[in-house]
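The structure appears right after this line, and notes come after that.
Every chain is numbered from 1 and lettered A, B, ... according to where its sequence line falls, protein lines coming before strand lines.
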Protein chains: 2
Amino acid sequence: MNIGAVARRLNLPAKTIRYYEDIGLLRPPRDENGYRHFRETDVHKLAFLARARALGFTIEDCRALLSLYEDAGRESVRVKRIAEDHLARIDEKIEHLRSLRSTLAHLIECCAGDHRPDCPILEDLGQG
Amino acid sequence: MNIGAVARRLNLPAKTIRYYEDIGLLRPPRDENGYRHFRETDVHKLAFLARARALGFTIEDCRALLSLYEDAGRESVRVKRIAEDHLARIDEKIEHLRSLRSTLAHLIECCAGDHRPDCPILEDLGQG
DNA sequence: CTTGACCTTCCAGTGGCTGGAAGCCCCAGG
DNA sequence: CCTGGGGCTTCCAGCCACTGGAAGGTCAAG
């Protein structure tokens with residue numbers, strides 16, 4: 001399969017696929033004309049990466065996960081640890097966003113939002 | 001005040017302050033030796049920017065908010081709209097993270113996390 | 001006079017792509 | 001045989017909001 005076909009099949013931009021090759025996540029062979037030739041294993045790896053990325057894992061996490069995926073002698077605790085760390089980072093982000101959200105929502109409530117210049121949002125930002 | 005003093009006072013890296021000048025968010029005058037000289041108004045603007053950034057507004061939002069802040073004839077609805085859009089984006093992010101979180105937490109629960117290779121996390125990523 | 005803390009500019013890198021230019025490859029239609 | 005259009009290639013630049021570091025000027029203390 002050529003890159004375009006893979007891109008359509010996985011719903012992944014061709015640019016992204018080239019980028020993944022660039023940073024060494026996969027190494028599809030080339031046809032005589034220089035085109036990348038994706039075997040089923042390459043497509044499968046790509047699908048794995050796409051799903052891991054969709055779960056929010058960083059590229060480096062994905063690299064580690066992929067190598068564990070391909071290592072029949074892995075210990076599942078290694079995978080679990082990566083996932084737990086990721087979960088913890090997600091929880092931090094959610095907590096941070098919730099805190100922003102609550103401050104922001106309060107300020108918005110206090111603002112009349114009309115043609116007059118008085119604005120508690122700006123006042124708050126201005127004197128913290 | 002020199003940049004270092006401002007940086008300490010606002011707890012903002014000097015690099016960031018220079019960057020803000022670079023992108024035109026403020027324009028502190030210079031001393032004869034070329035050092036930036038921050039007047040109270042400059043420090044005040046910087047503090048405004050720092051708080052807006054801490055609330056998660058983008059730099060472009062900050063630019064707009066600052067210009068509204070300095071415009072005595074503003075209509076508060078313009079400020080409110082920026083804040084509401086930002087709130088909506090935050091809500092989207094929270095929702096997205098919550099969805100990731102729930103998938104991930106489920107996978108983690110299913111994984112033994114021991115020395116054996118069997119791993120539902122990898123299985124899931126591998127076959128979607 | 002030296003030391004060390006400060007300041008300056010400029011260039012490069014972060015993450016994870018994304019856009020675009022320039023140019024080759026291939027196939028169908030006229 | 002030529003042309004057009006799509007797909008493929010590489011490479012360079014840009015996104016956001018900084019951050020790090022090099023090379024060099026400035027200043028106050030000892």
Below the 4.0 Å mark, does [N] have OP1 or OP2 next to a side-chain nitrogen or oxygen of [X]?
X	N	answer
B:R53	D:dC18	yes
B:R18	D:dC18	no
B:N33	D:dC27	yes
B:R36	C:dC7	no
B:N2	C:dC6	no

Cationic N near anionic O, under 4.0 Å, [X] to [Y]:
X	Y	result
B:E60	B:R63	yes
A:D42	A:K45	no
B:R78	B:E75	no

In terms of side-chain heavy atoms of [X], which of [options] is nearest?
X	options	answer
B:T16	D:dC18, C:dC7, C:dT9	D:dC18
B:R8	C:dT9, D:dT9, C:dC6	C:dC6
B:Y19	D:dA17, C:dT8, C:dG16	D:dA17

**Report entry** A:K15 (side chain) and C:dG16 (base): donor-acceptor pair under 3.5 Å
**Finding:**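 There is none.
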Query raised in the report: Do B:Y35 and D:dG25 have a side chain to base donor-acceptor pair shorter than 3.5 Å?
Result: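 Checked by distance alone, the answer is yes.
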In whole angstroms, how far is the [atom2] atom of [N] from the [atom1] atom of [X]?
X	N	atom1	atom2	result
B:I3	D:dT26	CD1	C1'	15 Å
A:I23	C:dT14	CD1	P	12 Å
B:E32	D:dC27	CD	P	9 Å
A:L49	C:dC17	CG	C1'	14 Å
B:M1	C:dC7	CE	P	12 Å
A:F57	C:dC17	CZ	P	15 Å
B:I17	C:dT9	CD1	C1'	17 Å
B:E21	D:dA17	CD	P	18 Å

Query raised in the report: With a cut-off of 6.0 Å (strictly less than), are more than 12 heavy atoms of other residues, nucleotides or ligands near CZ of B:R30?
Result: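 Result for CZ/B:R30: enclosed.
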Requested in this report: Begin with the C-alpha distance, continue with both residues' side-chain angles, and end with the deciding distance and a verdict on salt bridge (Lys or Arg N to Asp or Glu O under 4.0 Å) for B:R36 and B:E21.
Outcome: CA-CA 10 Å; B:R36 288 167 184 83; B:E21 180 186 9; 2.3 Å; yes
